[in-house]
Each structure stands twice: as structure tokens, then as C-alpha cells.
Amino acid sequence: MFAQVALKLTGPVDHLRLVWQTGETLLASVVFDDDAEATRYHLLVALQEMVTNVLRHGYRLDDSRPIEVVFELHDEELCINLRDQGPAFDPRRYDTSAVDNLEAMPTEAGGHGIRIVRQVMDKVDYERVDGWNELRMSKCVRVNANI
């Protein structure tokens, strides 16, 4: 089984709400081995964090710049591809050790979204292609045959 949903977001739209609602709809048909509801929620939070990073840090809140999100659902894997034209940034190389070892809630912002992605996703890849940042995040799944 294969399903694909692609979002191309530009302009004064609520990027975060559209990404969340699309992901939530697609993930409703996915079965996870451990606590499915919590896993769905954590995947959506991880994606929201990365979209927020693009908007806030890469685009400095310029909503005229494009963001592309592609969800690909295979029999045993969910892939989420996030593309943007911000400055090159490989989140795999970002040092989150300052937030990884915190026992209490942090007093400063920074690094938490990347830490969440690392904890939630099974695999995270990055590539810079023709002026685009391409972040590919994947998670092992089982697809419900009732799609």
C-alpha cells in the first residue's frame, strides 16, 4: 500500500494548523505498536517543531517563502519530507546536549524541537539540493487495511 499527501504552503495561511490537520487525518489510518495515540501526537509535535523552526529561524517569519511537506505512507514506514529555501541547516549536526540533559523545564528556548525529532523519529536525514533544505523523517508503522 502507498499513499502520498503533499502540501505546498506560501502566504498568509496558518501553516501550523494545516500541517497538523493534514497529518492528523493521514495518521488516523496508521497502527503503531506502542501507544498509538501518543505516537501520533508525538509525530505531529515533531513536525510542528520543524515547521516552526523554518518559519521562525529560516524565514524570519516571512510567510511569502515556500514550505513543502510531503507525507508518504508505505506498508511499514511513514516518511515526512519537509522542504524549505532558508539558509542551509542540517538539524542532525545541531548540538542539543544542553537540552538533552535537563531535568527540569528549560528557562531558555532553543534546541528542543530538534531533540523531540531525534527522540520520536526512527530515522532523520538531511540534504541540501538546488537551494532547498530537504529534511526526511521516518517512523516504522503498520497500515490499517481500512483506508
Side-chain angles (χ1 to χ4, degrees), residues 1-11 13-59 63 65-106 109-147:
M1 164 178 202
F2 175 76
Q4 183 182 68
V5 176
L7 296 173
K8 294 183 179 186
L9 304 167
T10 309
V13 298
D14 187 346
H15 293 70
L16 298 175
R17 183 178 53 82
L18 289 169
V19 169
W20 185 281
Q21 289 176 339
T22 302
E24 188 174 46
T25 300
L26 182 65
L27 289 173
S29 63
V30 176
V31 179
F32 296 97
D33 290 330
D34 297 325
D35 194 351
E37 270 314 299
T39 301
R40 288 183 190 103
Y41 176 77
H42 293 140
L43 286 168
L44 291 170
V45 168
L47 176 58
Q48 291 286 82
E49 288 290 331
M50 293 299 93
V51 172
T52 298
N53 284 351
V54 170
L55 291 169
R56 183 175 294 151
H57 304 294
Y59 288 167
D63 62 15
R65 311 271 315 270
I67 294 177
E68 296 179 1
V69 180
V70 177
F71 298 89
E72 292 180 356
L73 187 55
H74 304 270
D75 290 332
E76 297 179 1
E77 183 179 47
L78 168 70
C79 294
I80 303 172
N81 300 304
L82 176 62
R83 297 182 67 216
D84 69 85
Q85 294 179 326
F89 180 76
D90 184 347
R92 299 171 310 168
R93 298 188 186 277
Y94 187 82
D95 179 12
T96 61
S97 60
V99 292
D100 288 342
N101 299 320
L102 290 176
E103 292 182 17
M105 248 344 236
H112 300 286
I114 294 170
R115 180 178 54 89
I116 291 168
V117 168
R118 288 177 181 164
Q119 290 177 338
V120 170
M121 297 297 181
D122 294 327
K123 188 174 179 184
V124 179
D125 291 313
Y126 169 84
E127 191 174 12
R128 181 79 176 180
V129 178
D130 297 329
W132 287 82
N133 292 306
E134 296 187 4
L135 182 64
R136 182 177 175 90
M137 303 171 284
S138 61
K139 182 78 173 170
C140 291
V141 301
R142 287 182 290 133
V143 176
N144 186 345
N146 295 331
I147 294 182

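What you see below is based on every heavy atom in this structure, not just the backbone, and it leaves out hydrogens, waters and symmetry mates.
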Just by modelled atom types, is the Arg136 backbone N or O under 3.5 Å from a matching donor or acceptor in the Asp125 side chain? no
Closest non-hydrogen atom pair, Met121 against Ala46: CE-CB, 4.4 Å
Run the side chain to side chain contact (heavy atoms under 4.5 Å, CB included) test on Tyr126 and Leu82 for me, step by step, so that the C-alpha distance in whole Å, both residues' side-chain angles and the decisive distance to 0.1 Å come before the verdict. CA-CA 10 Å; Tyr126 169 84; Leu82 176 62; over 6 Å; no
Determine yes or no for a side-chain-to-main-chain donor-acceptor pair under 3.5 angstrom, with His57 supplying the side chain and Asn53 the backbone. no
Once the angle between the rings of Phe2 and His74 is folded into 0 to 90°, is it parallel (under 30°), tilted (30 to 60°) or perpendicular (over 60°)? tilted
Does His15 use its side chain to pair, donor to acceptor, with the backbone of Val13 at less than 3.5 Å? yes
Close side-chain approach of Leu9 and Val19, heavy atoms under 4.5 Å: yes
Identify the two heavy atoms, one from Phe32 and one from Leu43, that lie closest to each other, and give their separation to 0.1 Å. CZ-CD1, 3.4 Å
Rounded to the nearest 0.5 Å, how far apart are CG of Asp14 and CH2 of Trp20? 12.5 Å
Checking side-chain polar atoms at under 3.5 Å, does Arg83 have a donor or acceptor matched by the opposite partner on Asn133? no
Given side chain to side chain contact (heavy atoms under 4.5 Å, CB included), test Leu27 with Leu78 step by step and report yes or no. CA-CA 9 Å; Leu27 289 173; Leu78 168 70; 3.4 Å; yes
Arg40 side, atom CZ; Leu44 side, atom CG - distance, nearest 0.5 Å: 9.5 Å
Ile114 and Met50: which non-hydrogen atoms are nearest, and at how many Å? N-CE, 3.7 Å
For residues Glu134 and Asn81, determine if any side-chain heavy atom of one lies less than 4.5 Å from a side-chain heavy atom of the other. no
Do Val30 and Lys139 have side chains that get closer than 4.5 Å, going by heavy atoms? no
Whether over 12 other heavy atoms sit under 6.0 Å from Arg128 CZ: yes
CG (Leu55) and CD1 (Ile67) are apart, to the nearest 0.5 Å, by 4.0 Å
Please report the interatomic distance CD1(Ile116) to CD(Glu49), rounded to the nearest 0.5 Å. 4.5 Å
With rounding to the nearest 0.5 angstrom, report the CG to CZ distance, Leu135 to Arg92. 8.5 Å
Set out, in order, the CA-CA distance, both residues' side-chain angles and the distance that settles side chain to side chain contact (heavy atoms under 4.5 Å, CB included) for Trp132 and Glu127, then state yes or no. CA-CA 8 Å; Trp132 287 82; Glu127 191 174 12; over 6 Å; no
Nearest 0.5 angstrom please: Glu77 CD to Ser138 OG, how far? 4.5 Å
Would you say Arg118's side chain and Pro91's backbone share a donor-acceptor pair under 3.5 angstrom? yes
Short side-chain to backbone donor-acceptor contact, Gln48 and Leu16, under 3.5 Å: yes
How about Lys8 and Pro66: do any of their side-chain heavy atoms sit closer than 4.5 Å? no
Kindly indicate, with the supporting measurements, whether the criterion side chain to side chain contact (heavy atoms under 4.5 Å, CB included) is fulfilled by Val69 and Thr22. CA-CA 10 Å; Val69 180; Thr22 302; over 6 Å; no
Which residues share a salt bridge (Lys or Arg N to Asp or Glu O under 4.0 Å) with Arg65, sequence neighbours left out: none
